[in-house]
**Q** 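This structure is in structure tokens; I'll ask about it shortly.
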Amino acid sequence: MTKEYFLLEDKIKEIESHFISPGGWIKIFEKTTINFADTSQIYCCLISNSDLDKYNQDHYSPLFRGSEGRPSVYGDNTYKSYDKDGLEPFLYYRSFSLPDEQISYVDISEEFILYFNLYEKGVNKENRTFYYVDDYGEIDEVLIVEPNLIKLKIRYLKEYITLREMNFIVTYDYMRLITKPPSNWDVKYGDVLVKKPQLIYSHLINDLLDETQSCVRGKVFFRPNEEKKTHLDLDEKNEEFIIGHDNEGELLYENCGNTKGNDFKLTYFSKEVLNKYYNDPVKYKVDGFSVSSKYFRLKIDNNVADYVPVFLINLRFLSLKEQLHWKQYNIPPNQNMRMSKTYHTTMIEGNWAKHSETADLFFKSKYSDFNNKWEKKFGWKLYKPLSEKDNYLFTSLHIITTNNIKSFCEQTLTIVKIIIDRINEKEISKNLVLDPKVRGIGKFEKYLEANGMSVPDLFQFLRNLQSLRSGLIAHTFSETNKDCKKAMEYFNIKENNLIQVCQEIFEKSIYTLNTLEKHFILDSDNE
């Protein structure tokens with residue numbers, strides 16, 4: 001044991017930091033016994049403003065673990081919620097002597113949990129975490145409970161004691177023993193009281209019979225905020241977005257919370273802003289007119305190929321965090337930028353547009369419409385529905401926004417799954433005499449030939465698309481797979497044209513559906 005360790009300098013440093021650790025956490029409970037000669041205890045409680053002077057003059061703890069005094073019943077059967085007025089426990093030591101085991105743990109103030117409506121998750125009472133969930137579904141850790149340690153995020157504590165008009169006190173008791181300090185340590189025996197802003201402690205060095213004892217006992221105080229502001233108060237802060245240029249060519253910004261005269265003022269974003277939402281299709285949905293989740297819906301014009309127009313004032317409905325996501329993709333407008341005809345017809349004029357203007361959105365709409373028309377005419381779907389676990393693939397299907405090979409491969413896989421893998425082979429095989437080796441696209445080709453349809457260009461596209469999928473290796477394409485190499489030549493795939501190729505795949509997929517619809521006369525208006 002070193003002199004510094006014996007003198008508890010590590011603990012004193014922690015005390016003087018008010019037990020605050022990175023991330024804004026404070027330690028409010030600790031129970032550590034390395035051995036009989038090295039112990040640590042931390043506990044806490046609440047003290048009213050009117051009673052604070054009573055407790056900030058000495059280093060003694062006003063409350064001990066297991067003696068919280070809630071509730072208290074006196075000899076005359078008087079019941080009180082708290083033993084002492086102005087003193088309120090924040091933690092509660094619970095102990096149960098069951099027939100086959102002894103269970104003990106520390107519980108948290110129910111008022112604090114209910115005030116923030118904290119969500120609790122854990123494996124047992126000694127290992128659990130409490131979370132705050134806001135109106136936008138953002139989750140923040142507030143309390144972490146471990147068998148010998150409890151940490152609390154300070155900003156939640158400060159709000160709570162501010163609203164309660166109380167003070168929070170962390171009490172501590174540290175002790176270390178040594179048989180006999182070396183003479184060169186020059187240990188000074190006695191009891192020294194240290195008082196500093198928001199803390200007070202006693203450091204006692206005492207000579208016992210066979211050992212020397214070093215003890216630090218005291219309190220750290222946390223005061224309420226000067227301003228009463230809660231997490232329930234509306235956040236008036238909104239971000240500024242680009243709305244144009246001034247006469248000297250400098251960018252003009254407008255706060256999205258400014259609604260005066262801004263009803264139809266547009267701001268623009270690169271398509272990459274949507275990647276966050278496409279990449280998490282379980283949580284978000286993107287269509288031609290909005291991006292949404294269970295927590296918000298932002299109206300957007302997703303019918304333009306190269307950018308996303310948004311009415312400025314619609315952004316104010318997003319959380320600040322979500323606004324900041326959009327802000328990083330905000331782009332200056334030019335004279336050619338405008339809202340799509342589809343969006344204007346539907347959202348401004350109130351007339352439903354016939355179809356979307358971008359190939360990905362048009363394909364998804366066409367695919368669903370085609371399958372419904374086919375089923376109406378033949379009694380079965382040409383493309384089997386995706387399984388429930390794969391529905392997100394259709395939701396997240398889109399033209400990639402950058403020449404990223406990983407994104408390109410993911411979208412290619414999805415297209416193949418939708419227009420090739422989901423072909424209803426069972427139904428198209430009926431009444432056909434087929435070689436057992438003929439499968440998938442081959443069966444589909446035989447089915448169309450049996451129905452008087454020969455379209456070699458269509459099947460050249462489908463087979464090359466399937467070859468791309470077959471040659472996929474860890475989000476890139478195989479250079480040794482001959483069919484894959486031919487497919488790459490067919491689509492003219494290069495490192496810098498993946499967006500263009502993705503666009504072409506969507507367009508040819510639409511052509512496939514249009515060709516089938518025309519041949520089988522699926523127009524419901526003519527039936």
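The first residue in the sequence is number 1, and the count goes up from there.
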**Q** Looking at E489 and K485, is there a salt bridge between them, counting it only when a charged N and a carboxylate O are closer than 4.0 Å?
**A** no
**Q** Establish, yes or no, whether a centroid distance under 6.0 Å links the rings of Y284 and Y278.
**A** no
**Q** Heavy atoms only: give me the nearest F222-H18 pair and the separation to one decimal.
**A** CZ-O, 3.3 Å
**Q** Strictly under 6.0 Å, is that where the ring centroids of Y136 and F296 end up?
**A** no
**Q** Answer yes when K265 and E254 have at least one side-chain N-carboxylate O distance shorter than 4.0 Å, and no when they do not.
**A** yes
**Q** Is the backbone N or O of S292 less than 3.5 Å from a side-chain atom of S290, with the two atoms forming a donor-acceptor pair by type?
**A** no
**Q** For a side chain to side chain donor-acceptor pair (under 3.5 Å) check, start with the C-alpha distance between E120 and Y131, then their side-chain angles and the critical distance, and finish with the verdict.
**A** CA-CA 6 Å; E120 179 182 349; Y131 301 89; over 6 Å; no
**Q** Assess whether a salt bridge exists between K153 and D140, defined as any Lys/Arg side-chain N lying under 4.0 Å from an Asp/Glu carboxylate O.
**A** yes
**Q** On the 0 to 90° scale, with breaks at 30° and 60°, tag the F116-Y156 ring pair as parallel, tilted or perpendicular.
**A** perpendicular
**Q** Is the ring pair F491/F461 parallel, tilted or perpendicular, if the boundaries are 30 and 60 degrees?
**A** perpendicular
**Q** For F29 and V106, work out which heavy atoms get closest and say how close.
**A** CZ-CG2, 3.7 Å
**Q** Between N279 and K276, is there a donor-acceptor pair closer than 3.5 Å when you use the side chain of the first and the backbone of the second?
**A** no
**Q** Are side-chain N/O atoms of N49 and N167 paired as donor and acceptor at under 3.5 Å?
**A** yes
**Q** Does the side chain of L143 reach to within under 4.5 Å of the side chain of T129, using non-hydrogen atoms?
**A** no
**Q** Is it true that D369 and K364 have a side-chain N and a carboxylate O under 4.0 angstrom from each other?
**A** no
**Q** Might you point out which heavy atoms bring P147 and N127 nearest each other, and give the distance in Å?
**A** CD-OD1, 3.4 Å
**Q** Please find out if less than 6.0 Å separates the ring center of F90 from that of F168.
**A** yes
**Q** State, to 0.1 Å, how close Y383 and N371 come at their nearest heavy-atom pair, and which atoms those are.
**A** O-ND2, 2.7 Å
**Q** Which word best sums up how the rings of Y447 and F520 line up, parallel for under 30°, tilted for 30 to 60°, or perpendicular for over 60°?
**A** parallel
**Q** Under the side chain to side chain donor-acceptor pair (under 3.5 Å) criterion, do T480 and S478 qualify, and how do the steps go?
**A** CA-CA 5 Å; T480 59; S478 170; 3.1 Å; yes
**Q** Can you establish whether the number of heavy atoms outside K486 located under 6.0 Å from its atom NZ is more than 12?
**A** no
**Q** Side chains of D483 and N481 only: does a donor on one sit below 3.5 Å from an acceptor on the other?
**A** no
**Q** What do you reckon, is CG of N247 surrounded by more than 12 foreign heavy atoms closer than 6.0 Å?
**A** no
**Q** Taking side-chain hydrogen bond (donor to acceptor under 3.5 Å, both in side chains) as the cut-off, I'd like each qualifying pair that reaches into residues 504-515, sequence neighbours left out, listed once.
**A** K366-N514, Y490-K508, Q503-E507, E504-K508
**Q** Using modelled atom types and a 3.5 Å cut-off, is there a donor and acceptor pairing between side-chain atoms of H398 and backbone atoms of S396?
**A** yes
**Q** Are the side chain of S17 and the backbone N or O of E14 linked by a donor-acceptor pair below 3.5 Å?
**A** yes
**Q** Given N330 and T267, is the side chain to side chain donor-acceptor pair (under 3.5 Å) satisfied, shown in steps?
**A** CA-CA 8 Å; N330 202 194; T267 184; 3.0 Å; yes
**Q** If only atom types and distance count, is the side chain of D360 paired as donor or acceptor with the main-chain N or O of I399 below 3.5 Å?
**A** yes
**Q** Would you call the rings of F269 and F241 parallel, tilted or perpendicular, taking 30° and 60° as the class edges?
**A** perpendicular
**Q** Examine the side chains of N148 and E30 and answer whether a donor and an acceptor come within less than 3.5 Å of each other.
**A** no
**Q** Do K321 and E138 meet the salt-bridge criterion of a basic N to acidic O distance under 4.0 Å?
**A** yes
**Q** Between R316 and E239, is the closest basic N to carboxylate O distance under 4.0 Å?
**A** no
**Q** Using every non-hydrogen atom in the two residues, find where L434 and S429 come nearest and quote the distance to one decimal.
**A** CD1-OG, 4.2 Å
**Q** Just wondering, are more than 12 heavy atoms of other shown residues or ligands nearer than 6.0 Å to NZ in K158?
**A** yes
**Q** Just checking E495: does its CD atom have more than 12 heavy atoms from other residues, nucleotides or ligands closer to it than 6.0 angstrom?
**A** no
**Q** Please report the closest heavy-atom contact between K417 and R422, naming both atoms and the distance.
**A** O-CG, 2.8 Å
**Q** Can E146 and K151 be counted as an ion pair, charged N to O under 4.0 angstrom?
**A** no
**Q** Identify whether the distance between the nearest side-chain nitrogen and carboxylate oxygen of E165 and K228 falls below 4.0 Å.
**A** yes
**Q** Going by side chain to side chain donor-acceptor pair (under 3.5 Å), K271 matches just one of T358, N302, D306. Which one?
**A** N302
